[in-house]
Amino acid sequence: MFSVAIDGPSGAGKSSVSKAVAKAAGFIHVDTGALYRSLAYKALKSGTDISDTDAVNKLLARTEISLILEDGAQRVLVNGEDVTPFIRTEEVSMAASNISKIPSVRAFLLDTQRKTAEEHNVIMDGRDIATVVLPNADVKIFLTASAEKRAERRYKELLEKNEEVEYNKILEDVIKRDKQDTERETAPLRPSEDSVTVDTSLLDFDQSVDKILQLIKERM
């Protein structure tokens with residue numbers, strides 16, 4: 001099997017770019033962030049205190065998370081319930097960042113991620129794919145962009161959904177999320193020594209996809 005690991009900060013476009021790359025390459029796209037978001041959603045919905053490790057461990061003991069592919073798109077089931085439509089809010093995003101600091105949570109989801117890569121050609125994106133999940137990936141990419149550009153993209157995305165948002169608040173959240181992800185003790189966000197950094201600040205979506213496809217073609 002051939003594996004591509006794509007890491008990077010929140011809002012860098014990892015999921016959308018990875019999905020397009022996977023479709024073009026005929027690979028399966030695995031959005032690992034969706035797994036953490038799904039667990040965070042479950043915690044919020046059940047009233048679990050994410051800052052209480054014991055409470056989170058009790059939640060893990062009664063939780064089963066699985067990935068399914070539907071028309072080529074990844075969907076996440078939590079105890080049999082498809083939670084995919086509910087995990088893209090800012091509240092769930094911040095909760096996912098917090099819950100991902102817990103070592104038992106990362107261990108809980110690790111097997112699901114690795115098993116998928118063992119069975120399929122994958123494009124897997126997240127924050128510690130090249131460093132922890134798939135350290136032997138065939139291609140490792142660190143996809144990034146400036147905080148301002150990432151906030152701008154998120155701002156436009158939310159406006160298109162007719163949501164009332166403030167750019168400065170989104171930028172503040174992006175910077176806060178970066179700080180959480182890079183400074184956490186367990187699997188902090190950082191490029192692996194052999195990752196290729198792709199900065200999309202000055203690239204549009206199609207250019208970003210083409211850049212990564214070229215890197216994959218060179219390695220295959």
Side-chain angles (χ1 to χ4, degrees), residues 1 3 5-12 14-16 18-19 22 27-120 122-135 137 173 176-189:
M1 296 294 106
S3 58
I6 299 182
D7 295 305
S10 176
K14 295 187 304 295
S15 182
S16 56
S18 296
K19 189 182 298 182
F27 286 14
I28 287 176
H29 169 234
V30 180
D31 173 8
T32 63
L35 297 174
Y36 289 97
R37 286 172 177 269
S38 298
L39 191 56
Y41 171 77
K42 172 73 172 177
L44 291 171
K45 188 177 179 182
S46 64
T48 301
D49 182 358
I50 293 175
S51 65
D52 184 339
T53 301
D54 289 339
V56 171
N57 286 337
K58 289 178 181 177
L59 177 71
L60 295 179
R62 60 177 190 272
T63 301
E64 180 180 342
I65 294 182
S66 56
L67 294 175
I68 61 171
L69 290 174
E70 189 174 276
D71 297 327
Q74 170 187 290
R75 305 192 74 81
V76 186
L77 304 184
V78 178
N79 293 342
E81 176 191 0
D82 184 356
V83 301
T84 310
F86 314 118
I87 62 174
R88 296 296 171 183
T89 67
E90 293 302 315
E91 181 186 20
V92 171
S93 178
M94 292 305 296
S97 180
N98 286 320
I99 206 169
S100 67
K101 298 176 184 176
I102 303 174
S104 56
V105 168
R106 306 196 77 84
F108 177 78
L109 295 175
L110 188 59
D111 285 345
T112 298
Q113 298 166 46
R114 285 181 173 168
K115 188 171 186 295
T116 305
E118 289 171 359
E119 298 174 348
H120 306 276
V122 298
I123 308 285
M124 188 176 293
D125 73 79
R127 285 172 176 73
D128 64 346
I129 309 305
T131 54
V132 177
V133 181
L134 300 178
D173 287 343
K176 182 179 179 181
R177 180 72 187 268
D178 285 353
K179 181 177 175 62
Q180 285 185 349
D181 290 343
T182 57
E183 294 182 358
R184 69 185 179 214
E185 291 186 12
T186 303
L189 172 66

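How far NZ of K101 is from CZ of R184: 9.0 Å, rounded to the nearest 0.5 Å. Taking CZ of R75 as the start and OG of S38 as the end, the distance is 10.5 Å to the nearest 0.5 Å. Here the CD atom belonging to Q113 is positioned 7.0 Å from the CG atom belonging to D128, to the nearest 0.5 angstrom. The CG atom of L77 sits 7.0 Å away from atom OG1 of T84, with the distance rounded to the nearest 0.5 Å. Interatomic distance, L60 CG to I102 CD1, rounded to the nearest 0.5 Å: 7.5 Å. Remark: L35 CG to I65 CD1 distance equals 6.5 Å, nearest 0.5 Å.
A distance-only check finds a donor-acceptor pair linking the side chain of R114 to the backbone of V133 [under 3.5 Å]. Side chain of R177 to main chain of S10: no donor-acceptor pair is present (N/O by atom type, distance under 3.5 Å, no hydrogens or angles).
When all heavy atoms are compared, the tightest approach of A34 to R88 is CB-NH2, 3.9 Å. Taking each heavy atom of A137 and S3 in turn, the nearest pair found is CA-OG, 3.2 Å. Of all the heavy atoms in V83 and V78, the pair that sits closest is CG2-CG2, 3.8 Å. Scanning both residues, D173 and E90, for their nearest heavy atoms gives OD2-OE1, 4.2 Å. The nearest pair of heavy atoms linking T131 to D7 is N-OD2, 4.4 Å. Scanning all heavy atoms of the two residues, the minimum distance from A130 to A5 falls at N-CB, 3.9 Å.
Screening residues 53-69 for side-chain hydrogen bond (donor to acceptor under 3.5 Å, both in side chains), with sequence neighbours left out, gives N57-S104.
Each of I28, D31, I129 was checked for a side chain to side chain contact (heavy atoms under 4.5 Å, CB included) with M124, and the lone residue meeting it is I129.
Using a 4.5 Å heavy-atom cutoff, the side chains of E185 and P103 are not in contact. Using a 4.5 Å cut-off on side-chain heavy atoms (C-beta onward), E183 and P188 make no contact. Between T32 and L109 there is no side-chain heavy-atom pair separated by less than 4.5 Å. A 4.5 Å side-chain heavy-atom check between M1 and E118 finds every atom pair outside the cut-off. Using a 4.5 Å cut-off on side-chain heavy atoms (C-beta onward), L67 and V76 make contact. Side-chain atoms of S97 and D181, non-hydrogen and from C-beta on, do get closer than 4.5 Å to each other.
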#### Entry: Step-by-step side-chain contact (heavy atoms from CB on, under 4.5 Å) determination, N79 to K42
CA-CA 10 Å; N79 293 342; K42 172 73 172 177; 3.6 Å; yes
### Message
Evaluate Q180 against M94 for side-chain contact (heavy atoms from CB on, under 4.5 Å), listing each step before the verdict.
### Response
CA-CA 9 Å; Q180 285 185 349; M94 292 305 296; 3.7 Å; yes
### Task
Go through V105 and Y36 one step at a time and tell me if the side-chain contact (heavy atoms from CB on, under 4.5 Å) criterion holds.
CA-CA 8 Å; V105 168; Y36 289 97; 3.9 Å; yes
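Between the side chains of S15 and D125, no donor-acceptor pair is found at a separation under 3.5 Å.
Salt bridge present: K115 and E119 bring a charged side-chain N and a carboxylate O closer than 4.0 Å.
With sequence neighbours left out, the side-chain contact (heavy atoms from CB on, under 4.5 Å) criterion links T182 to L189.
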